[in-house]
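For reference, the structure is listed below as structure tokens.
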Amino acid sequence: HIMAHTNLSRFYVQKGMILEAENKPADAQRAYERVLKGNARAVLASNNLAWLYAEHGGNLDVALQLVQAAKEQAPDLPNVDDTLGWVYLKKDLATLAIPAFEAAAKRAPRNATYHLHLGLAYAKAGNRLKALAEYDAALAINAGMPEAWNNRGNVLSELGRHEEAVTSYDSVLAARPNFVEALINR
């Protein structure tokens, strides 16, 4: 029975990941919840469900409990660190988010998203120069990342470096002409 249970859990985690990729968060959420009913210690299901709750208006306290449980089971997974940081950021706890994002970026230094998220946390905590460095790190890995260009532009604007900010916003609009925030900020 244990082998069948494990295979079924693995199936529903994979199903949840596919549903997320298909932009069906409610269906993915149900798949992860089904896994957790049978195995409350399932790392990927806990982590991914926490992310979905944080991204789609779920209960952030429950999301935090889920990702903390995943972190206990898998303390060295960068995606768990990233989710932990994301939940803290969504709870407006940037100073708690920063160490989690730093850990993710340290464990997976070539992941542009982790650098973007760390930049967001630094910006929210008021450290514009560190935020700018992380946006630049993200863009060095993936120059086609409109969110990083836009946030870079925001920080540059806040620093009074308006010409550089406009160049960043232009880079966003070159990749995504209808990126509303960049249109407004430019």
Side-chain angles (χ1 to χ4, degrees), residues 2-3 5-125 127 130-131 133-142 145 147-148 151:
I2 292 173
M3 179 64 107
H5 179 72
T6 302
N7 287 337
L8 192 59
S9 291
R10 198 171 298 132
F11 168 79
Y12 279 104
V13 167
Q14 290 173 344
K15 180 178 179 179
M17 292 167 71
I18 291 167
L19 289 165
E20 278 188 82
E22 293 175 346
N23 199 24
K24 297 177 181 175
D27 294 333
Q29 181 177 319
R30 282 190 288 279
Y32 296 135
E33 287 169 345
R34 184 165 181 174
V35 172
L36 292 173
K37 277 184 188 173
N39 178 7
R41 298 168 57 92
V43 172
L44 284 178
S46 293
N47 182 71
N48 295 0
L49 186 57
W51 180 268
L52 286 172
Y53 285 168
E55 271 301 280
H56 298 283
N59 184 321
L60 293 176
D61 293 327
V62 173
L64 183 58
Q65 290 172 353
L66 286 166
V67 73
Q68 285 173 332
K71 181 79 175 152
E72 286 175 20
Q73 298 299 307
D76 298 325
L77 285 180
N79 58 325
V80 173
D81 291 320
D82 185 61
T83 300
L84 180 60
W86 195 248
V87 172
Y88 281 138
L89 199 59
K90 290 289 187 167
K91 290 175 69 75
D92 284 327
L93 299 170
T95 56
L96 294 176
I98 289 169
F101 288 139
E102 286 175 335
K106 183 179 180 184
R107 289 187 175 107
R110 300 291 306 154
N111 186 310
T113 300
Y114 298 163
H115 289 284
L116 170 65
H117 291 169
L118 180 53
L120 292 170
Y122 280 138
K124 194 149 197 154
N127 193 330
K130 282 191 174 183
E134 291 303 321
Y135 297 144
D136 286 342
L139 292 166
I141 297 163
N142 179 2
M145 190 175 227
E147 297 83 1
N151 288 307

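Scope of the values below: all heavy atoms of this structure, side chains included, with no hydrogens, waters or symmetry mates. Here the structure is a predicted model, which means the values were calculated and not measured.
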Under the side-chain hydrogen bond (donor to acceptor under 3.5 Å, both in side chains) rule, collect the residues that match up with Asp136, sequence neighbours excluded.
Arg152

How far does OG of Ser46 sit from CD of Gln65, to the nearest 0.5 angstrom?
11.0 Å

Separation between CG of Leu120 and CG of Asn151, rounded to the nearest 0.5 Å:
5.0 Å

Using ring pair (Phe, Tyr, Trp, His ring centres under 6.0 Å) as the criterion, list what pairs up with Phe101, not counting sequence neighbours.
His117

Kindly indicate, with the supporting measurements, whether the criterion side-chain contact (heavy atoms from CB on, under 4.5 Å) is fulfilled by Leu52 and Asn48.
CA-CA 6 Å; Leu52 286 172; Asn48 295 0; 5.6 Å; no

What is the distance from atom NE2 of His115 to atom OH of Tyr122, rounded to the nearest 0.5 Å?
10.5 Å

Shortest non-hydrogen contact from Ala131 to Gly119?
CB-O, 3.3 Å

For Ala42 and Leu36 the tightest heavy-atom approach is O-CD2, 3.9 Å

What's the shortest heavy-atom distance between Tyr135 and Ala123, and which atoms?
OH-CB, 3.8 Å

List, one per line, each side-chain donor-acceptor pair under 3.5 Å for residues 18-28, sequence neighbours excluded.
residue : atom : partner : partner atom : Å
Glu20   : OE2  : Tyr32   : OH           : 2.5
Asp27   : OD1  : Arg30   : NH2          : 2.2

Restricting to side-chain contact (heavy atoms from CB on, under 4.5 Å), what partner residues turn up for Ala74, sequence neighbours left out?
Val43, Leu77

Does the pair Trp51 and Asn79 meet the rule for a side-chain contact (heavy atoms from CB on, under 4.5 Å), with working shown?
CA-CA 10 Å; Trp51 180 268; Asn79 58 325; over 6 Å; no

Those residues that, when tested against Lys71, pass salt bridge (charged side-chain N to carboxylate O under 4.0 Å, His left out) (two or more places apart)
Asp81

Heavy-atom closest contact (Leu66 atom, Tyr53 atom, distance)
CD1-CE1, 3.6 Å

Student check: side-chain heavy atoms of Tyr114 and Lys106 closer than 4.5 Å:
no

Could you give the side-chain donor-acceptor pairs of residues 85-98 under 3.5 Å, partners two or more places apart or in another chain?
residue : atom : partner : partner atom : Å
Trp86   : NE1  : Glu55   : OE2          : 2.6
Lys91   : NZ   : Asp61   : OD1          : 2.5
Asp92   : OD1  : Lys124  : NZ           : 2.8

Any side-chain heavy-atom pair from Val35 and Phe11 closer than 4.5 angstrom?
no

Partners meeting side-chain hydrogen bond (donor to acceptor under 3.5 Å, both in side chains) with Gln73 (sequence neighbours left out):
Arg41

Validation row: Leu84, Leu64 side chains within 4.5 angstrom (heavy atoms)
yes

Could you state the interatomic distance from CZ (Arg34) to NZ (Lys15), rounded to the nearest 0.5 Å?
7.5 Å

Identify the two heavy atoms, one from Pro78 and one from Arg107, that lie closest to each other, and give their separation to 0.1 Å.
CB-CB, 4.0 Å

Between the side chains of Tyr12 and Glu33, does any donor sit under 3.5 Å from an acceptor?
no

Scan residues 61-84 for pairs that pass ring-ring contact (aromatic ring centres under 6.0 Å, His included), counting only residues two or more places apart or in two chains.
none

Applying side-chain contact (heavy atoms from CB on, under 4.5 Å), name anything that partners Ala112, two or more places apart in sequence or on another chain.
Ala138, Ile141, Asn142, Met145

